[in-house]
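Each ligand, and each atom within it, is numbered from 1 in the order the structure gives. Computed over heavy atoms, backbone and side chain alike; hydrogens, waters and symmetry mates excluded.
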Amino acid sequence: MANEATKTAKLSIEGEATIELPIYAGNEGQDVIDVGKLTSQGYFTYDPGFVSTAACESEITYIDGDQGILLHRGYPIDQLAEHSNYLELCYLLLNGELPDEAEGKLFVDTIKNHTMVHEQLNNFFRGFRRDAHPMAIMCGVVGALSAFYHDSLDIDNPEHRRITAHRLIAKMPTLAAMSYKYSIGQPFIYPRNDLGYAENFLHMMFATPCEDYQVSPTLARAMDRIFLLHADHEQNASTSTVRLAGSTGANPFACIAAGIAALWGPSHGGANEGVLNMLDEIGGVENIDQYIQKAKDPNDPFRIMGFGHRVYKNYDPRAKVMQETCHEVLAELGITDDPILEMAQALEKIALEDEYFVSRRLYPNVDFYSGIILKAIGIPVEMFTVIFATGRTPGWIAHWNEMISGPYKIGRPRQLYKGSSKREYSAKT
Ligand code: ACO
């Protein structure tokens with residue numbers, strides 16, 4: 001869609017003519033200054049970490065970090081968490097509107113029809129060491145899907161893109177559970193299409209060929225919420241990675257594998273694993289003060305994992321829902337005196353009152369509570385980021401699809417070069 005300028009910014013550079021730059025208004029949030037023509041004037045913009053750069057136009061998700069608002073296609077995340085479910089949100093992210101009853105049923109049935117993975121894919125798993133991190137396995141096997149689904153790799157064909165979206169959403173839980181089963185040396189458990197999405201994931205994680213696993217409705221609901229709360233978060237690092245990879249025309253499975261790799265980092269999706277590891281390291285409520293001091297020390301790289309966010313400078317709205325779900329799960333499981341939870345609560349209380357955290361507007365983020373819920377459900381720490389990746393898949397695909405459906409350019413940032421100027425080759429003696 002062509003943008004029309006609502007205002008003009010004037011950039012005056014010493015000794016040069018003033019450059020006029022159009023300003024476009026979004027439906028919500030900040031306006032943007034279009035700097036695309038600056039190159040022809042001999043300048044690039046400089047914005048490490050893209051803190052002030054809008055790299056695309058999007059209609060999928062809106063965040064107001066100051067007010068703690070997150071909307072998917074206009075719907076607030078807390079309303080979606082209360083009234084909707086993960087698969088309905090997947091439909092909404094992909095299609096722009098909520099499904100009616102028939103559309104919703106067809107979507108769920110379609111996803112169920114794609115839950116199995118090609119039997120040959122098992123061989124890929126067997127190539128990994130048993131102690132491989134499940135995220136390493138996921139980067140490999142999701143990328144490998146492109147070797148199995150040649151029938152739907154034409155990125156310019158909307159029907160191919162639709163089938164790929166369904167395949168990815170359906171197969172991610174299967175691959176995630178397989179990566180876990182492989183790491184503990186148990187046989188893979190096939191999906192069961194009579195179960196709901198989250199229920200089926202827990203079944204594939206915890207059933208064995210000799211024993212069925214009865215999925216508690218509270219835990220299935222909590223799992224569904226975890227997927228739902230992670231489904232999309234506009235142009236975060238992994239989504240931007242998917243867009244950048246997709247902008248080259250790479251196939252969607254390769255792009256999502258790139259997104260998984262970016263998500264793995266501890267500053268992004270790896271933080272939920274980091275929260276539990278940090279709480280383990282702290283060891284008890286009596287040590288919290290010492291760790292708060294470490295976090296505040298500018299010479300110490302230690303950070304309170306699960307605190308702070310690039311965009312939210314207020315309570316992450318997902319963290320509020322996650323906190324409620326956490327209490328539901330612990331009550332269902334009869335966990336009243338969990339030392340990890342006790343530490344998490346004490347840490348949260350101190351950090352929310354401490355001047356260092358208050359002045360920097362560092363609040364608990366979604367990872368702070370999701371790790372505790374997952375641990376209570378019995379999911380091992382190494383799987384936390386895999387679960388994040390599974391939940392984030394519809395967001396990645398929706399953004400990739402949005403980009404591919406319209407006019408787009410290959411993503412190619414520029415740089416401020418600080419290296420050697422041209423010099424003649426001379427061998428060192
Ligand atoms: N603990 C202690 N201090 C922190 C923390 C933290 N968790 N987060 C930020 N700060 C401090 C920084 O040291 C800095 O202090 P200074 O101004 O005195 O130098 C200030 O707060 C601003 O921090 P930045 O790193 O500039 O903030 P940025 O927006 O770049 O980083 C990030 C955001 C990466 C999330 C950061 O807050 C962090 O590392 N948090 C811990 C990891 C985490 O929980 N990541 C999950 C993110 S959410 C997600 O991906 C779902």
Side-chain angles (χ1 to χ4, degrees), residues 47-53 61 63-66 68 70 72 77 81 135 225-242 259-279 281-282 288-323 343-344 347-374 381 384-396 399:
D47 182 22
F50 307 120
V51 288
S52 297
T53 297
T61 290
I63 303 172
D64 182 330
D66 283 326
L70 168 60
H72 292 313
I77 189 66
M135 279 299 274
R225 272 202 171 163
I226 288 179
F227 288 142
L228 178 143
L229 292 172
H230 285 99
D232 188 41
H233 215 225
E234 53 118 298
Q235 314 307 326
N236 57 85
S238 56
T239 303
S240 298
T241 302
V242 170
I260 295 174
L263 186 78
W264 193 1
S267 298
H268 191 9
N272 52 13
E273 184 172 340
V275 172
L276 262 283
N277 292 337
M278 173 192 73
L279 292 173
E281 185 188 326
I282 295 177
I288 287 180
D289 275 343
Q290 181 197 333
Y291 278 86
I292 294 268
Q293 293 318 316
K294 268 168 78 62
K296 287 161 66 166
D297 180 352
N299 300 317
D300 190 325
F302 175 78
R303 285 189 165 191
I304 304 288
M305 299 309 285
F307 263 74
H309 197 278
R310 169 58 63 79
V311 180
Y312 292 117
K313 303 302 172 195
N314 200 326
Y315 222 101
D316 179 340
R318 301 167 303 168
K320 280 192 186 150
V321 180
M322 214 56 113
Q323 188 187 33
M343 258 192 290
L347 191 63
E348 183 195 14
K349 191 166 178 304
I350 295 168
L352 286 175
E353 288 165 1
D354 191 290
E355 196 277 329
Y356 174 93
F357 291 88
V358 174
S359 64
R360 286 168 181 76
R361 303 170 79 191
L362 300 169
Y363 293 88
N365 57 46
V366 66
D367 296 315
F368 192 69
Y369 285 104
S370 64
I372 297 163
I373 303 174
L374 292 172
V381 173
F384 289 4
T385 316
V386 174
I387 284 164
F388 189 158
T390 305
R392 182 54 56 87
T393 299
W396 287 331
H399 282 272

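Listed by first and then second residue, the side-chain hydrogen bond (donor to acceptor under 3.5 Å, both in side chains) pairs involving residues 296-305 are K294-D300, K296-D354 (not counting sequence neighbours).
Considering only non-hydrogen atoms, atom 39 (O) of ligand 1 lies nearest to R303 out of H309, K296, R303. Nearest to atom 18 (O) of ligand 1 by heavy-atom distance, out of R360, R361, R318, is R360.
Protein heavy atoms are absent from the 4.0 Å sphere centred on atom 26 (O) of ligand 1. Atom 15 (O) of ligand 1 lies below 4.0 Å from at least one non-hydrogen atom of the protein.
At the shortest separation from atom 9 (C) of ligand 1 among protein heavy atoms lies L362 CD2, 3.5 Å. The protein atom (non-hydrogen) at minimum distance from atom 42 (C) of ligand 1 is M305 CE, 3.7 Å. Here the heavy atom of the protein found nearest to atom 28 (P) of ligand 1 is R310 NE, 3.7 Å. Among all non-hydrogen protein atoms, the one lying nearest atom 44 (O) of ligand 1 is G306 N, 2.8 Å. Looking at atom 7 (N) of ligand 1, its nearest protein heavy atom turns out to be I304 O, 2.7 Å. Counting only heavy atoms of the protein, atom 50 (O) of ligand 1 lies nearest to H268 ND1, 3.1 Å. The protein heavy atom nearest to atom 47 (C) of ligand 1 is S267 O, 3.5 Å. Nearest protein heavy-atom neighbour of atom 49 (C) of ligand 1: D367 OD2, 3.6 Å.
Between the side chain of H309 and the main chain of D316, no donor-acceptor pair closer than 3.5 Å is present. Between the R392 side chain and the L263 main chain, no donor and acceptor come within less than 3.5 Å of each other. Judged by distance alone, with hydrogens and angles left aside, the side-chain atoms of D47 form a donor-acceptor pair with the main-chain N or O of T53 at under 3.5 Å. Remark: the backbone N or O of N314 is not paired with any side-chain donor or acceptor of R361 at under 3.5 angstrom.
For Y312 and H233, the ring centers sit closer than 6.0 Å to each other.
Other residues, nucleotides and ligands contribute at most 12 non-hydrogen atoms within 6.0 Å of the CZ atom of F50.
With a 4.0 Å cut-off on non-hydrogen atoms, F388 touches ligand 1 through its side chain and not its backbone.
Here is the list of ligand 1 atoms found below 4.0 Å of a heavy atom in A271: 43 (C), 44 (O), 45 (N), 46 (C).
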